[in-house]
2 protein chains.
Amino acid sequence: MVTIREVAAHAGVGAGTVSRVINESAGVSPTTRARVLESIATLQYRPNPLARGLSRGRCQTIGVIVPFFTQASAIERLRGVVAALGGSRYDLVLFDVETPEHRAEHVATLNRQRADGLLVMSLPLADDELARIMATGMAVVLVDAQHEGLPAVVTDDTEGGRMATEHLVDLGHRRIGFMGDDPDNEFGFNSSALRETGYRVAMADAGITPDEALVLHGPHERGVGTELAGQLLSGPEPPTAIVCCSDVQAAGAIEAIRAAGLRMPQDVSVVGFDDIEMATHLGLTTVRRPLFHSGQLGARLLLEALGVHPPEPQVHELDLELVTRTSTAPPGATSEPQGETT
Amino acid sequence: MVTIREVAAHAGVGAGTVSRVINESAGVSPTTRARVLESIATLQYRPNPLARGLSRGRCQTIGVIVPFFTQASAIERLRGVVAALGGSRYDLVLFDVETPEHRAEHVATLNRQRADGLLVMSLPLADDELARIMATGMAVVLVDAQHEGLPAVVTDDTEGGRMATEHLVDLGHRRIGFMGDDPDNEFGFNSSALRETGYRVAMADAGITPDEALVLHGPHERGVGTELAGQLLSGPEPPTAIVCCSDVQAAGAIEAIRAAGLRMPQDVSVVGFDDIEMATHLGLTTVRRPLFHSGQLGARLLLEALGVHPPEPQVHELDLELVTRTSTAPPGATSEPQGETT
DNA sequence: TTGAAAGCGCTACCAC
DNA sequence: GTGGTAGCGCTTTCAA
């Protein structure tokens with residue numbers, strides 16, 4: 001391994017000078033600079049990031065702590081993060097959380113030396129957890145999560161639930177079901193609950209009292225969507241439309257509708273949430289969350305915070321958008337659905 | 001930040017002793033050990049990974065270099081890697097490759113200080129690239145790639161293409177199309193080409209001369225699958241079955257079949273490759289690759305290599321499996337398809 | 001069994 | 001402008 005000293009010797013300068021050249025600090029004569037660069041090239045010198053990090057107190061790495069990173073929505077966000085980091089000199093370390101233990105372990109072991117900055121995704125961290133992390137001096141940006149005094153990128157879940165429901169109300173539906181994630185999950189996820197609130201708001205606005213038998217909960221999985229929709233559809237008074245708190249559950253619901261021999265949207269309309277790629281192919285009407293954008297913006301904010309700028313504890317709210325496809329129609333519609341399918 | 005010296009002072013011992021305790025090296029009396037551990041706990045001491053890495057010459061990190069990490073197959077492999085790494089003390093750094101420049105940059109800047117070991121996924125590296133990486137002293141394991149003298153986890157692409165085609169031949173198909181990735185792509189991916197070889201082998205075995213008009217290529221994208229299948233189906237003598245080199249293209253092909261007003265599998269059978277989650281929902285018959293397993297095994301091999309054992313340049317071949325669903329049937333079949341749909 | 005001290009490779013400060 | 005040098009926090013000899 002070639003060290004900075006060897007380069008210095010080769011170029012006939014001091015180690016400090018080589019360092020200055022590497023870091024593009026001012027105060028090196030063009031001549032010396034050129035000579036040093038040449039030595040670097042001939043010796044194929046690469047600075048040791050560990051030594052550099054130790055010396056400077058930072059490690060040119062940003063960490064992303066994310067639950068269930070293989071979920072389509074998480075991946076899409078990560079794609080945004082990777083895009084934002086491309087070109088910067090920062091490496092990306094992934095901290096996946098699948099269990100509360102993972103979460104605790106990461107919170108406990110995270111420190112300034114493992115990452116200069118941390119992107120917390122979709123994980124509502126407790127006050128003490130955040131306090132511990134902040135105490136390390138790491139820059140922190142929240143994505144799809146929010147906490148007093150911290151910069152965050154969010155969307156309005158309540159509004160999203162409202163939009164989805166309103167769309168169905170506008171189409172003329174009255175018996176509208178809702179299916180969401182378990183309200184008391186071990187991670188404290190609450191976006192599904194907020195969307196449910198939005199659902200209730202829209203229902204109230206329309207003067208409809210939701211039938212509690214049509215509001216179901218279960219884990220965030222496709223199969224669960226199938227199951228819950230099955231329950232909904234086999235009841236005495238099945239809904240004519242279903243608001244799903246995610247495209248994943250919605251995809252499951254669509255399966256159940258098909259399995260029940262019903263047509264979508266003629267017999268049952270479905271609205272999802274997220275607009276992951278699958279939604280396009282399913283023709284699923286859904287509330288689009290700017291996933292890629294949120295990851296990208298979060299990473300950018302973090303890079304900014306790591307730069308000269310002081311990290312502003314600003315909350316960036318990204319807009320939701322209702323994407324209408326073929327899964328929704330007025331109740332009892334008989335004609336073939338029209339609209340974008342691809 | 002609490003340093004090892006502060007802990008030493010607090011416990012009334014030398015820094016070296018604290019280090020020995022942390023690293024569980026022998027030669028510390030139980031009494032001292034207990035005292036040190038107590039100090040560590042009270043001071044909430046966490047060793048600085050950077051300093052440790054600099055001193056020991058390794059950084060407790062493994063790097064994964066992977067093209068297009070958001071693709072379903074890559075994600076599934078990464079999931080295996082994360083699973084294998086869980087519990088180990090290694091962090092995971094992601095090196096995404098979307099362009100030849102990314103690839104060159106990663107190869108150039110990778111070194112022992114950024115990662116102790118490297119998992120190269122699906123990327124056929126050139127001799128000189130590998131040489132450069134090996135020169136850094138990093139342990140290297142290849143997944144879905146192969147190179148003389150390096151440990152690798154692979155599946156037999158040719159055999160997979162053969163299996164898929166043979167299945168269709170066995171069902172009675174003679175006009176079988178093939179759609180694959182671009183043979184001359186900028187990354188040198190060749191698995192699609194190998195699968196095509198397998199297709200030709202199976203065709204030859206069945207005494208069929210493939211109609212070259214039925215062998216199409218294009219980028220690895222769903223939309224491309226739709227397009228290519230469209231061409232195939234609108235020709236003068238359309239195929240009764242299509243072998244796709246990936247589930248992604250197969251999904252596109254299915255769309256094209258529907259769009260053409262044809263039925264699957266009665267009019268056209270389709271076989272995919274990979275068995276990503278989508279395949280289940282599409283009812284797609286496909287050649288299952290053990291994606292999760294390959295990532296997991298690759299990571300395990302890497303961890304082993306980083307341990308005492310010398311890295312054996314052994315090639316681990318994982319079995320492919322044909323998963324039959326509802327997208328394939330004998331040509332001209334009239335009855336409804338039967339079989340697993342979920 | 002333990003403490004002291006010499007690095008690991010780099011940055012940044014202080015003289016010149 | 002430039003060289004020398006004192007750390008950054010840890011591991012690992014070497015003595016004691």
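Note that these values count all heavy atoms, side chains included, but never hydrogens, waters or copies made by symmetry. Labels below follow one simple rule: chain letters A, B, ... track the order of the sequence lines, proteins then strands, and each chain is numbered from 1.
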Margin query: Regarding B:Asp116 and B:Arg58, does a basic nitrogen lie under 4.0 Å from an acidic carboxylate oxygen?
Written below: no
Next item on the list: Rounded off to whole Å, could you give me the CD-to-C1' distance for the B:Gln60 and D:dT11 pair?
Entry: 13 Å
Check: To the nearest angstrom, how far is B:Arg58 atom CZ from C:dG9 atom P?
Finding: 16 Å
Checklist line | Along DNA chain D (nearest heavy atom to each residue), the more 5'-positioned of A:Gly12 and B:Val2 | finding: A:Gly12
Margin query: With a cut-off of less than 4.0 Å, is there a side-chain N or O of B:Arg52 near OP1 or OP2 of D:dT11?
Written below: yes
Note to self: Angle between the two end axes of the helix from C:dT1-D:dA16 to C:dC16-D:dG1, five base pairs per end, rounded to 10 degrees?
What the structure shows: 40°
Note to self: Nearest whole Å is fine: how far is C:dG3 P from B:Arg5 CZ?
What the structure shows: 14 Å
Next item on the list: Report the distance from atom CD1 of B:Ile40 to atom C1' of D:dC10, rounded to the nearest whole Å.
Entry: 13 Å
Check: What is the ring orientation for A:Phe68 with A:Phe187, classed by angle as parallel under 30°, tilted 30 to 60°, or perpendicular over 60°?
Finding: perpendicular
Notebook entry, point to check: Quick one: which of D:dC8, D:dC10, C:dG3 gets closest to the side chain of B:Ala51?
Noted result: D:dC10
Next item on the list: Round to the nearest Å and state the distance from A:Leu54 atom CG to C:dT11 atom P.
Entry: 11 Å
Next item on the list: Whole angstrom is fine here: how far is it from CD1 in A:Ile4 over to C1' in C:dC8?
Entry: 14 Å
Notebook entry, point to check: Is the number of heavy atoms from other residues, nucleotides or ligands within 6.0 Å of CD (A:Glu38) greater than 12?
Noted result: no
Note to self: Using side chain to side chain contact (heavy atoms under 4.5 Å, CB included), reason through A:Phe95 and A:Leu110 one step at a time and then give a plain yes or no.
What the structure shows: CA-CA 10 Å; A:Phe95 301 113; A:Leu110 269 172; 3.5 Å; yes
Checklist line | Selection residues 68-95 of chain A - residue pairs positive for salt bridge (Lys or Arg N to Asp or Glu O under 4.0 Å), sequence neighbours left out | finding: A:Glu76-A:Arg79, A:Arg77-A:Asp144, A:Asp91-B:Arg114
Note to self: Distance check needed: C:dC8 C1' versus B:Asn48 CG, whole Å only.
What the structure shows: 13 Å
Check: Tell me, do A:Arg5 and A:Val18 make a side-chain contact under 4.5 Å, heavy atoms counted?
Finding: no
Notebook entry, point to check: Looking at residues 14-36 of chain B, who's got a heavy atom less than 4.0 Å off DNA chain C?
Noted result: B:Gly14, B:Thr17, B:Arg20, B:Gly27, B:Val28, B:Ser29, B:Thr32
Next item on the list: Could you tell me whether the side chains of B:Asp127 and B:His147 share a donor-acceptor contact shorter than 3.5 Å?
Entry: yes
Note to self: Whole angstroms only, please: what is the CZ-C1' distance between A:Arg56 and C:dA12?
What the structure shows: 11 Å
Note to self: Is it the case that over 12 heavy atoms from other parts of the model lie below 6.0 angstrom from the CZ atom of A:Arg132?
What the structure shows: yes
Checklist line | Residue pair B:Ser29 / B:Thr32, side-chain donor-acceptor N/O under 3.5 Å | finding: yes
